[in-house]
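In what follows, a structure is listed as structure tokens, so that the remarks can point back to it.
From a predicted model like this one, the values you see are computed outputs, not experimental measurements. Each chain gets a letter, A, B and so on, in the order the sequences are listed, and its residues count up from 1.
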Amino acid sequence: MARAYLLPEQPSTTLPPVDLETVRPLLRGLDREQRRAVTHGDGPLLILAGPGTGKTEVVTRRIAWLIATRRARPSEILALTFTERAAAEMQARVDMLVPYGRADAAIHTFHAFGDRILREHAAEAGLPAEPRVLSRPEGELILREELFRLGLRRYLPLGDPERNLRPIADWIARAKDAGLVPSEIGARVAALRASAAGRPDAEALVDDAEGLEELARAWERYEAVLRERGLLDFGDQVLRARLLLRDRPGVAARVADRFRHVLVDEGQDASAIQLDLVRAIARHGNLTVVGDDDQAIYGFRGAAEGGIARLATAFPGMRRIVLRRSYRSRRPILVAAHRLIRANGPERLAARAGVDRPLVAVRRGRRPAPVTVQGWPTDAAEADGVADAIARRVAEGAPARDHAVLVRTNGDGDRFVRALAARGLATWGSDGGRLGATPEVRELVSLLRLALDPSDDLLLYGVATAAPWRLGGSDLSRLLAEGRRDRRGLRAAMDAALAGSGLALAPGSHAAVSRLVRELDRALEEIHRRPAGDVLYGWLRGSGRYAELVAAAEKGDDRPLRRVARLFEILRSVTEVVPDARAAVLLPRLQELLAVEAEEAEDADPQPDAVAVLTVHKAKGLEFPVVYLPGLADGRFPARRRAASLPAPAGPMAEDEADPLAEERRLCYVALTRARDALVLSWATASGGSGSRVRRPSPFLAEATDRPVRLPAAAGIDALRSAIEAVVTPTAMDAPEAIADDGRPLSASRVEDQLACPLRYHLRHRLGVASPEHHALVVGQALHEAAAAWHRATLAGEEPADGLLRETLDAHWRSAGFLSREHEDARYAAALATLDRFRADESTAAASGSGRRVVAVEEPFAETVAGLPVRGRFDRIDEGPDGIVIVDYKSGEVRDPRKAAERARGSFQLHLYALAWEARTGELPAWLELRFLDGGVVGRVRPEPARLEKARSALREAAAGIAAGGREPAPDPFACGHCPYREICPASAA
DNA sequence: CCTGGTTAAATTTTT
DNA sequence: TTTAACCAGG
């Protein structure tokens, strides 16, 4: 029997005799399909390998078999994977199968292989001998450096110039995945323009075309910088290797001759350019592709839709072997998974191969557990329920590592980690700490920022409270208060205390402040002339922090020291890309550079006694005896799709598949098929916050189980309770007699800060920690002052002087908080244009005789509203035909009048001002207005009772919270992203 | 059935 | 800040 397998399936050149004993073990234990796959001779082969069908086993044995049967020398075999991890695993398994250590087959990631080709032919590829490859954040650092030279307009909002940095980097990567070069975007733009004529969506198409032109320009500039500096990015490693083979037929021929057999793992994840590269190398036809289109979950990352099918077309006569036996999951799991994936339609390869049936379960014996579905009233209840179930099983003796909780997004995992931790169970795999988020690294990054802007109290506060000084308590609070009181800042208060002319400090604090100031001054002196790493090194030695870290390491905890060492390694290597490594250059992208896992490998590998809490993407390729898949609620899984922020470089991308749910469904399929023995699906009716929306079960639940999904009756009471609590909690109308903490009156910004995040209120208003300079504030204030000066002049009956607006702008313009000189120049020019329009608008209004006149400017008030002291300043008060209009100037980039009106309606500040006006005059104003200076639009609203009442209750709620003295952070991914305190906030969700 | 206003929730990841 | 889903009201 075995002898038959030694014969080539297709006649080929005469092979030398093969020792049966070396070949037989390679086929041992394989099923029929697997054997056929392993022993396929020459010619193209597609192995359709569903989950758990022994895919890796087949590929590795096939490599060993090709070698053992002398169909290929090891060096003639090329195997391509996507991750280093997969490559390493394949290599290890081939090494075990091929004796004598002669397995020098080329097993690489696509990128490593492309890189190897490029280096071997560096001269022909027009590259330096040793091109440096950019990491992702390093690429963004280069874009950031060039930001104002990229020729961007639409994608460069002056109020937040870095907003599109990441999207543009992604866009370039996707363009390279598609195999494009910048000049080819032009063709696409032309095609879009041509096709637009006469179509109903013509406007949108032309708009996209313009956007693409802008992006192509930016891309070209980015490429020019890479060329100048001899750099490659990840996309180039594949793209330029492919272009090399296309432009140099001689090189292509040599590469194809060298690799007589090519194997591709996870073919469904390949990008268009990767597939193209494979076609070019495997033109001899000896190509083995392993994959499963039902597990294609990387469309967002550039995987080509229908990639495997396209390869099959490119290699006519490709033999197809379908692995149908699952060695992993019990039958109920396979049945549910198949029911689900079936909904993706008849184009799936399994369906086209005529095997649209569940995989055959090989593991038998003991009746398998059915797939269960649980409904929970809230997210919290779901997390507790899952954690309880796991804890119970562990108590009964099951190993913790046998359990996995699979989630759709990283954020979803947190509550399971916490719930498990509360039951004494360790977890692994959830988005572990990033290096940049560890305290050791944050301290050092803060120091760099502080050295660049020593007047930033916020940073100084952060550094002073961090190791090794660990200042805190009343001394630091008093220094802060003192610095704020005399308006000279925290540093001045420290200096005064040290000189004996200021606050008296406790001896310990005195010594710490003294050394802190000394070390800080040294860092200040060095920061602009030495690389960031050198400054940090001096600080570590001088402050004693280095000795502390070493001592901790000697005592057994070397993680802090290792993290700091990695920071230094990153700072060193970035100098290869950006020659000027001073802090001012690196800081803007430092967070991204440090967004690597804090602990090498530790979090990415299964931990011996911990429960896995993983995103489904991270779980791909893994298996667990027991899998929990919570969060199967509509909108969460399938996740709600967000509109792309940039037009796709290569036309419709994977997400534009006919069925928008298809990729999410495949993701769910991957999740279900991670389970060996037991699978528990669940969902929660509500996220749990008061007033949170009721969620419907995911459509995938019904698809997978073929049963109607109902909430268990037991959940009813909890649901009612949470519904009642939802009504009771937020209203808080009967708040206790509210007082505003130290008796200082409330203001709009105090109330808004308190409601947004009590910790932010605490830092800004109780401790008086100043926020760092921000360009939006500088520009906004200067414009504000200019408008006020104009109105003051007219109020005094004068014709405003010609240069008044510009002179006032200049007088209040400070060069602080801008990203770069170019940014400041652009914002200044924009501010001048804004003032021109302001003048024109005001002149028109004056001439129109609208019956409105300005009666007060910058008018301060202090009134009692809802029993609470409130103060503020009306920017401008007008008297119009219907009565008083309260005006507030804003400098945000609002251009749409509808948006402006919406903002006015929702403005707490305006409604508070209306109430203050009522308290002062006994009458409500007729109108409330926001005037957006940049956009020249006005949003107006009548002060309506319902909205005024809302403002009153917000005021009360804030006052109560302030009086209670709470300082709990209220992390929110969006709010934290813009919070000035995010650098020092331990709870920041940014 | 449409419109507008209100409200909660903010992807996935490797090289 | 933006978006989309939901609800009320015409």
Indicate yes or no: does A/R641 engage A/E664 in a salt bridge with an N to O separation below 4.0 Å.
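Salt bridge absent between A/R641 and A/E664.
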Ion pair check, A/R666 and A/D294, cut-off under 4.0 Å:
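No salt bridge links A/R666 with A/D294.
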For atom [atom1] of [X] and atom [atom2] of [N], their distance in whole Å:
{"X": "A/R636", "N": "C/dA4", "atom1": "CZ", "atom2": "C1'", "value": "16 Å"}
{"X": "A/R898", "N": "C/dT3", "atom1": "CZ", "atom2": "P", "value": "13 Å"}
{"X": "A/L614", "N": "B/dT12", "atom1": "CG", "atom2": "P", "value": "14 Å"}

For nucleotides C/dT3 and B/dT13, find the distance between their C1' atoms and express it as a whole number of Å.
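Here C/dT3 and B/dT13 have their C1' atoms 24 Å from each other.
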Nearest-angstrom distance, P atom, C/dT1 to B/dT12:
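Straight-line distance between the two P atoms is 23 Å.
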Which part of the nucleic acid, if any, lies within contact of A/K176, taking any heavy atom under 4.0 Å across all strands shown: a base, the sugar-phosphate backbone alone, or nothing?
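Contact class for A/K176: none.
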Phosphate contact ([N] OP1 or OP2) by [X] side-chain N/O below 4.0 Å:
{"X": "A/R905", "N": "B/dG5", "answer": "yes"}
{"X": "A/K899", "N": "B/dG5", "answer": "no"}
{"X": "A/R947", "N": "B/dT6", "answer": "yes"}

Side chain of A/R903 - closest among C/dT1, B/dT11, B/dT7:
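Closest nucleotide to the A/R903 side chain: C/dT1.
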5' priority, DNA chain C, between A/R696 and A/R163 [closest heavy atom]
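Its nearest nucleotide being more 5', the pick is A/R163.
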Kindly give the atom pairs (protein nitrogen or oxygen, nucleotide nitrogen or oxygen) under 3.5 Å for nucleotides 13-15 of chain B.
{"unit_1": "B/dT13", "atom_1": "OP1", "unit_2": "A/T615", "atom_2": "OG1", "d": "2.8"}
{"unit_1": "B/dT13", "atom_1": "OP2", "unit_2": "A/N410", "atom_2": "ND2", "d": "3.2"}
{"unit_1": "B/dT14", "atom_1": "O4'", "unit_2": "A/R301", "atom_2": "NH1", "d": "3.2"}
{"unit_1": "B/dT15", "atom_1": "OP1", "unit_2": "A/E84", "atom_2": "N", "d": "2.8"}
{"unit_1": "B/dT15", "atom_1": "O2", "unit_2": "A/H111", "atom_2": "NE2", "d": "3.2"}

Pair A/D115, A/Q237: side-chain N/O donor-acceptor within cut-off below 3.5 Å:
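Judged by distance alone, the side chains do pair up.
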Could you check whether the rings of A/H617 and A/F300 sit parallel, tilted or perpendicular, using 30° and 60° as the cut-offs?
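It falls in the perpendicular class, over 60°.
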Where does the angle between the aromatic ring planes of A/F82 and A/F110 fall among parallel (under 30°), tilted (30 to 60°) and perpendicular (over 60°)?
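Rings of A/F82 and A/F110: tilted, 30 to 60°.
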Does A/N344 use its side chain to pair, donor to acceptor, with the backbone of A/I341 at less than 3.5 Å?
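It does not hold such a pair.
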